[in-house]
**Student:** 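If you scroll down you'll find the structure; I have some questions about it.
On a predicted model such as this, the values are computed, not experimentally measured, just so you know.
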Amino acid sequence: SFRGLRLILAGGYDARVDENVEYYKELEAEAVALQLRDQVVFKASFTNTERSALLSKGLAVVYTPSNEHFGIVPVEAMYSGLPIIAVNNGGPTESVLHDQTGFLCEATPAEFARAMA
């Protein structure tokens, strides 16, 4: 059963950016519509201690930015022993070894879902 699991959406949020605010509202509404609001945690920002706790208790890290120049998140995930699921372009192609330290996939919901399955 997935009832004991939580999806934690952490970081990457800036309330000064209208697109961030709009996207957050859409994600929250989607979680409610799917009746998953109790299982989805939105963590807009966090301390270093909180980040360490999230990485120590997580099962995987999903990193969605396309054409990111480097991105420290995949490296932090791998350092913590977690597999990373990332877009197959930009920085992750330099740091993630597909099928070894994580999974590189195309930037589509279906490909991310397949990598997570």
Side-chain angles (χ1 to χ4, degrees):
S1 169
F2 293 107
R3 285 286 165 208
L5 298 177
R6 298 289 176 267
L7 172 64
I8 301 173
L9 301 172
Y13 180 80
D14 185 339
R16 298 170 297 178
V17 178
D18 290 341
E19 183 181 29
N20 284 188
V21 174
E22 182 180 321
Y23 195 50
Y24 171 83
K25 289 177 183 177
E26 288 175 16
L27 288 172
E28 191 166 42
E30 188 71 16
V32 169
L34 293 170
Q35 299 180 342
L36 295 173
R37 189 57 186 95
D38 291 340
Q39 289 180 261
V40 178
V41 176
F42 294 94
K43 191 91 175 127
S45 61
F46 44 84
T47 65
N48 288 339
T49 301
E50 290 171 318
R51 180 188 61 221
S52 295
L54 289 170
L55 290 171
S56 72
K57 296 178 182 180
L59 298 176
V61 171
V62 178
Y63 185 72
T64 61
S66 288
N67 301 311
E68 191 73 13
H69 59 88
F70 174 70
I72 193 69
V73 173
V75 175
E76 290 173 333
M78 291 182 293
Y79 179 79
S80 298
L82 296 176
I84 182 80
I85 301 167
V87 176
N88 191 18
N89 63 47
T93 62
E94 298 176 16
S95 59
V96 179
L97 298 175
H98 183 69
D99 281 337
Q100 292 179 36
T101 60
F103 305 95
L104 295 170
C105 56
E106 296 308 310
T108 66
E111 286 298 312
F112 271 93
R114 190 176 351 273
M116 287 186 259

**Student:** Look at the side-chain heavy atoms of Ile, Leu, Val, Met, Phe, Trp and Tyr, link any pair under 4.5 Å apart, and say whether L9 and V41 land in one connected group.
**Tutor:** no

**Student:** Side-chain contact, heavy-atom cut-off 4.5 Å: L59 with L5?
**Tutor:** yes

**Student:** Show every side chain to side chain donor-acceptor pair (under 3.5 Å) that has at least one partner inside residues 87-97, sequence neighbours left out.
**Tutor:** none

**Student:** Check step by step if side-chain contact (heavy atoms from CB on, under 4.5 Å) holds for I8 and F42.
**Tutor:** CA-CA 6 Å; I8 301 173; F42 294 94; over 6 Å; no

**Student:** Step by step, would you call E26 with E30 a side-chain contact (heavy atoms from CB on, under 4.5 Å)?
**Tutor:** CA-CA 6 Å; E26 288 175 16; E30 188 71 16; over 6 Å; no

**Student:** Can you name the closest pair of heavy atoms from S45 and E50 and give their distance?
**Tutor:** O-OE1, 4.4 Å

**Student:** Same cluster or not: are M116 and F103 linked, directly or through other Ile, Leu, Val, Met, Phe, Trp or Tyr residues, by side-chain heavy atoms under 4.5 angstrom apart?
**Tutor:** yes

**Student:** Examine L54 and V62 and state if one hydrophobic cluster contains both, with Ile, Leu, Val, Met, Phe, Trp and Tyr joined whenever side-chain heavy atoms are less than 4.5 Å apart.
**Tutor:** no

**Student:** Return yes when atom CG of L34 has more than 12 non-hydrogen atoms of other residues, nucleotides or ligands closer than 6.0 Å, and no otherwise.
**Tutor:** yes

**Student:** CD/Q100 to NE2/H98 distance, rounded to the nearest 0.5 angstrom?
**Tutor:** 10.0 Å

**Student:** Quick one: do Y63 and V96 end up in the same hydrophobic cluster if we chain Ile, Leu, Val, Met, Phe, Trp and Tyr together by side-chain heavy atoms under 4.5 Å apart?
**Tutor:** yes

**Student:** Determine whether more than 12 heavy atoms belonging to other residues, nucleotides or ligands lie under 6.0 Å from atom CD of Q35.
**Tutor:** no

**Student:** Who passes side-chain contact (heavy atoms from CB on, under 4.5 Å) against V21, sequence neighbours left out?
**Tutor:** Y13, K25

**Student:** Do T101 and P83 come close enough that some side-chain heavy atom pair is under 4.5 Å?
**Tutor:** no

**Student:** Measure the shortest side-chain to side-chain distance between L55 and L82 over non-hydrogen atoms and say whether it is less than 4.5 angstrom.
**Tutor:** yes

**Student:** Could you tell me which non-hydrogen atom of T64 sits nearest to which non-hydrogen atom of V87, and how far apart they are?
**Tutor:** O-CG2, 3.3 Å

**Student:** Of all residues at least two apart in sequence or in a different chain, which pass the side-chain contact (heavy atoms from CB on, under 4.5 Å) check with S52?
**Tutor:** none

**Student:** Would you say that I85 contacts V61 through its side chain, given a criterion of any heavy-atom pair below 4.5 Å between the two side chains?
**Tutor:** no

**Student:** Name all residues meeting the side-chain hydrogen bond (donor to acceptor under 3.5 Å, both in side chains) criterion together with N48; count only those two or more places apart in sequence or in a different chain, and write none if there are none.
**Tutor:** R51

**Student:** Check N20 against G12 and note the closest heavy-atom contact, atom names and distance.
**Tutor:** OD1-O, 3.6 Å

**Student:** Going by the rule ring pair (Phe, Tyr, Trp, His ring centres under 6.0 Å), which residues pair with Y23 if we only count those two or more places apart in sequence or in a different chain?
**Tutor:** none

**Student:** Return the set of residues passing ring pair (Phe, Tyr, Trp, His ring centres under 6.0 Å) with F46 (not counting sequence neighbours), or none when no residue passes.
**Tutor:** none

